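The structure appears right after this line, and notes come after that.
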Amino acid sequence: MSPDLRIDLHAHSRMSDGTQSPTELVHAAKAAGLDVLAITDHDTSAGWDEAATAAAEVGLDLVRGMEISTRHRGRDVHLLAFLPDPTYGPLVDALQKVLDGRNSRVPAILGKLHDLGIDITLDDVRRVSGDAAAVGRPHLADALVAAGVVRDREQAFNEFLRPGRPAYVDRYAAPLEPMIRTVTEAGGVSVVAHAWGRSNDPGPLDEAGFADLAAVGLAGIEVDHEDHGPDTRRQLRAIASDLDLVVTGSSDHHGAGKVGHDLGCNTTAPREYERLLARAAAAAAASGRTTPEVVTA
Ligand code: AMP
Ligand code: ZN
Ligand code: FE
Ligand code: FE
């Protein structure tokens, strides 16, 4: 594998809370000079087929993945799952529970907004979420923008939607360790996304915590992410090295929905990508399941 490949392993389309269709996302990745892109919508594989078709057309390698909403020792953890069999029953069931939690949260948030004197309907949310399989707070933010209540998603989160703000509502997330096992059983590999977030707070994900996750099959840590400063990246890289975990880097692109996350703003080293693919191949072989191939240009 050429050491010059540009590899971005975390990006969202309109199937969750990105603002581009899977086709537009793939075209944008090609235009940004990427060689490899992973589509990783929240809790769904709904964008995979369209993205794979577009990738084959434009000549881009595509990794089919998703970003699963999990909880671990009281904290939300986003788990990137690459190349699992999307028809594996336990995975389908676990994702459906998360999607149900997402759907039932929407009316609860609308109720809180109503109490604040802001009337937005389910139809208003549907209008902005379109055919998204995973509806999230960014769609409520978009509905607030469309109604002229706020100027952008950022303001919507800061005034209403984030924890501690008056329209925040929690939702179900899948227990992390069983989910790591489920992804492996589905023939895929998992990587903890933006592990320490913006607060540089390891929480349960210190070195000992990661060792526990590695023991149940975690393959890697997303180290190079906009939410991580230089110090965080250095510390996470050291943990990954100690535990023999793969280091990934990515944009977490959301189209126009999140500023400062342009495609390719962080990338994964080809050597690390190769290790990840080897882990995926081993999981696929052990599972005996039919898993998606990387679309190759
Ligand atoms: P949810 O999945 O519904 O809990 O919403 C979380 C999503 O909202 C994450 O994917 C974030 O990318 C996005 N998000 C969180 N904070 C902001 C923000 N300030 N502006 C735009 N998007 C955000
Ligand atoms: Zn998102
Ligand atoms: Fe995330
Ligand atoms: Fe993400």
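Every number for a ligand or one of its atoms is a count from 1 in the order of the listing. Everything numeric in this text was worked out from a predicted model, so none of it was measured.
Heavy atoms of Arg102 found under 4.0 angstrom from ligand 1 belong exclusively to the side chain. Here His42 has side-chain heavy atoms under 4.0 Å from ligand 1, and that is the only part of it that gets that close. If you look at Lys258 next to ligand 1, the close heavy atoms, those under 4.0 Å, all belong to the side chain. Only the side chain of Asp17 comes within contact range of ligand 1, with a heavy atom under 4.0 Å; no backbone atom does.
For the pair Glu293 and Arg64, the salt-bridge criterion is not met [side-chain N within less than 4.0 Å of a carboxylate O]. Contact check on Arg105 versus Asp100 returns no salt bridge, with no Lys/Arg side-chain nitrogen under 4.0 Å from an Asp/Glu carboxylate oxygen. One finds no salt bridge joining Asp152 and Lys258 here, because no Lys/Arg side-chain nitrogen approaches an Asp/Glu carboxylate oxygen to under 4.0 Å. Taking the charged nitrogens against the carboxylate oxygens, Asp142 and Arg137 have no contact shorter than 4.0 Å, which rules out a salt bridge.
Put simply, the side chain of Lys30 gets close to the backbone of Gly59: a donor and an acceptor are under 3.5 Å apart. In this structure, Ser69 contributes its side chain and Ala173 its backbone to no donor-acceptor pair below 3.5 Å. In this structure, Lys112 contributes its side chain and Tyr168 its backbone to a donor-acceptor pair below 3.5 Å.
Distances from ligand 1 to the non-hydrogen atoms of Gly257 include at least one value under 4.0 Å.
Taking distances strictly below 2.8 Å, the protein N/O/S atoms close to the Fe ion (ligand 3) are Glu67 OE2, His78 ND1, His194 NE2.
In this structure, His194 has its ring center no closer than 6.0 Å to that of His228. His253 has its ring centre no less than 6.0 Å from the ring centre of His12.
By heavy-atom distance, the residue among Glu154, Arg105, Arg198 lying nearest atom 20 (N) of ligand 1 is Glu154. Between Glu67, His139, Arg137, it is Arg137 that holds the heavy atom closest to atom 6 (C) of ligand 1.
Around the CG atom of Asn200, the shell of radius 6.0 Å holds more than 12 heavy atoms that belong to other residues, nucleotides or ligands.
Ring pair His225/His10 is tilted by interplanar angle, where 30° to 60° counts as tilted.
For the residue pair Arg75 and Trp196, the shortest heavy atom distance occurs at NH2-CA, 4.2 Å.
Each of the atoms 10 (O), 12 (O) of ligand 1 lies under 4.0 Å from some heavy atom of His254. Here is the list of ligand 1 atoms found below 4.0 Å of a heavy atom in Gly136: 3 (O). For ligand 1, the atoms lying closer than 4.0 Å to a non-hydrogen atom of Arg153 are 21 (C). Close contacts of ligand 1 with Arg171, meaning ligand atoms under 4.0 Å from a residue heavy atom, involve 1 (P), 2 (O), 4 (O).
Of the protein's non-hydrogen atoms, the one nearest atom 18 (C) of ligand 1 is Phe157 CD1, 3.5 Å.
At a 3.5 angstrom cut-off on N or O pairs, His78 does not count as close to ligand 1.
Among heteroatoms of the N, O or S kind in His12, NE2 lies nearest the Fe ion (ligand 4).
Side chain to side chain, Asp41 and Ser13 meet the donor-acceptor criterion of an N or O pair below 3.5 Å.
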